[in-house]
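Here the structure is laid out as structure tokens; the discussion comes afterwards.
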Number of protein chains: 2
Amino acid sequence: MSDVSHENPKDSAARAPEDAITQSILTAVSEQRLPAGSKLGEQQLSDLFKCNRANVRRALTALAAQHVVELRPNRGAFIVTPSPEEAREVFEARRTIERTLARNVVARASAEDIAYMRNNIVQEAQARADNDKPRELRLSRMFHMQLAKISGNRVLERFLAELTLRTTLILGLYNAAGTSGCAEDEHDRIVDQIESGDSDRLVSLIDAHLRHLEAGLDFRRTRNRNLTLAEQLAI
Amino acid sequence: MSDVSHENPKDSAARAPEDAITQSILTAVSEQRLPAGSKLGEQQLSDLFKCNRANVRRALTALAAQHVVELRPNRGAFIVTPSPEEAREVFEARRTIERTLARNVVARASAEDIAYMRNNIVQEAQARADNDKPRELRLSRMFHMQLAKISGNRVLERFLAELTLRTTLILGLYNAAGTSGCAEDEHDRIVDQIESGDSDRLVSLIDAHLRHLEAGLDFRRTRNRNLTLAEQLAI
DNA sequence: TCATCAAGTATTGTTAACAATTATTGTTAT
DNA sequence: ATAACAATAATTGTTAACAATACTTGATGA
């Protein structure tokens, strides 16, 4: 979305409203303020972002292509609600991709990268202590996205961005009440393993981390919240 | 794109023009009739497909989200031209994903699946014998997509669809003149290995297959063709 | 009371006209 | 001849009005 060739100031300004909508929706989903199934009305969004419906529709079309939003003809746009089967596929895809990231990260992580991740973990722990779940979720996702950035493969990074976002939706639907996503000590141990430089053990650790997350799902009941769109987007 | 929940006849009809455009462009790229850098004019497409510009723009926006098309503000839509660095990333992503597919395929391939793949290989060989390169390229891509279908993970299948398409563009830009993509005997050996049921060896074989393909690239010169859009889309 | 149906409202989908920007062509001056 | 500039043409971007569809509300009848 942001890797257009020959980018200049005027070009990036040309899609400002569209990008603002996209980013706002992605962030809101990553913090579980926009739960699965939320309706995204065109008028509503064009009012909120003070742009015309054409921009809104471009943003929604792009999000639909990433399977974050579902477009139902004559009905509108909705945040996708992953099925249990899709959840399984998302987790398998994550294990697949993060395995390769792990191998790359061991070879490429710098001291600054390690420090950044340690700091991320501290902030995540703080958010958990503060019971700030949106922030905790966003930081947890950022930890995994950091692995992708370090690994230096923008294709896999984009795939993982989609998968982690859908993971957040899956957790919102099916995660047992007590557990709140990734266990922070597991993130810590992952960084330990990156420092130690044993890529095989790192792969196992991340694989186990993701399997642990998936094992915590309970497909028997779902959850729901009721906030206005403006509150959820926090504009 | 085609896995919308609650689909009914009227719904699928509602996006008929958009899907026709998308499919036509995807097929044209997969057969190298639309090379990297091709301009996709809005008027041009709305004339060809007899629809309004709004449908065209939805299709182009969706293709841009899959990194098949690049949208340059005030300039229009173009088929992406992968850089050497992007080529490396695409191949690493393919190895990552097809490794998982290989393990799944060994566990899940039925006799019908094997027969289908053998037939695909025969047709591909025939296309090569006939010097029908577009058909050969499309069939070669379909072979890999068949692995994804058998493996039963629609997320990875969609990712691979994008990656194989970008691979076709990469081959069109950087592949040495003589070689024309995947060697068919390697596809044959892959099916042999699926039948034998040794997933580790299958993984190695597919990994080698992809590395072999990547090794055939030559980033020093590029190629170009000049056909009208109507000819390239073959409408 | 509940289900069914109809009218009205709101939302999405389509179309066309207009504005802004870029590409092209032709001219002029060096 | 070539480079720089101006006028023209073509393309993309924006907006608004209208059409079609879906949703909501209230009335009617069993």
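Side chains included, hydrogens not; waters and symmetry mates left out as well; all remaining heavy atoms used. In what follows, chains carry the letters A, B, and so on, assigned in the order in which the sequence lines appear, proteins first and then strands, with residues in each chain numbered from 1. Just so it is clear, the model here is predicted, and its values are computed rather than measured.
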* For A:Ala54, enumerate each residue passing the side chain to side chain contact (heavy atoms under 4.5 Å, CB included) test, keeping only those at least two apart in sequence or located in another chain. =>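 Listed in chain order: A:Asn52.
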Any donor and acceptor pair, going by atom type alone, linking the side chain of [X] with main-chain N or O of [Y] inside 3.5 Å?
{"X": "A:Gln32", "Y": "A:Thr168", "value": "yes"}
{"X": "B:Ser140", "Y": "B:Glu136", "value": "no"}
{"X": "A:Asp218", "Y": "A:Asn175", "value": "no"}

* For A:Glu42, which residues count as a salt bridge (Lys or Arg N to Asp or Glu O under 4.0 Å) partner, sequence neighbours excluded? -> A:Arg53, A:Arg57
In whole angstroms, how far is the [atom2] atom of [N] from the [atom1] atom of [X]?
{"X": "A:Arg58", "N": "D:dT12", "atom1": "CZ", "atom2": "P", "value": "13 Å"}
{"X": "A:Gln43", "N": "D:dC23", "atom1": "CD", "atom2": "P", "value": "17 Å"}
{"X": "B:Arg57", "N": "D:dT11", "atom1": "CZ", "atom2": "P", "value": "14 Å"}
{"X": "B:Arg75", "N": "C:dT21", "atom1": "CZ", "atom2": "C1'", "value": "9 Å"}
{"X": "B:Gln44", "N": "D:dT11", "atom1": "CD", "atom2": "P", "value": "8 Å"}
{"X": "B:Asn55", "N": "C:dT14", "atom1": "CG", "atom2": "C1'", "value": "8 Å"}
{"X": "A:Glu42", "N": "D:dA16", "atom1": "CD", "atom2": "P", "value": "16 Å"}
{"X": "A:Asn52", "N": "C:dT14", "atom1": "CG", "atom2": "P", "value": "17 Å"}

* Asked: Parallel, tilted or perpendicular: which describes the rings of B:His144 and B:His209, with under 30° parallel and over 60° perpendicular?
  -> parallel
Below 3.5 Å is the cut-off: list the nitrogen or oxygen pairs between protein and nucleotides 18-20 of chain C, distance only.
none

* Any B:Lys39 side-chain nitrogen or oxygen under 4.0 Å from OP1 or OP2 of C:dA23 -> no
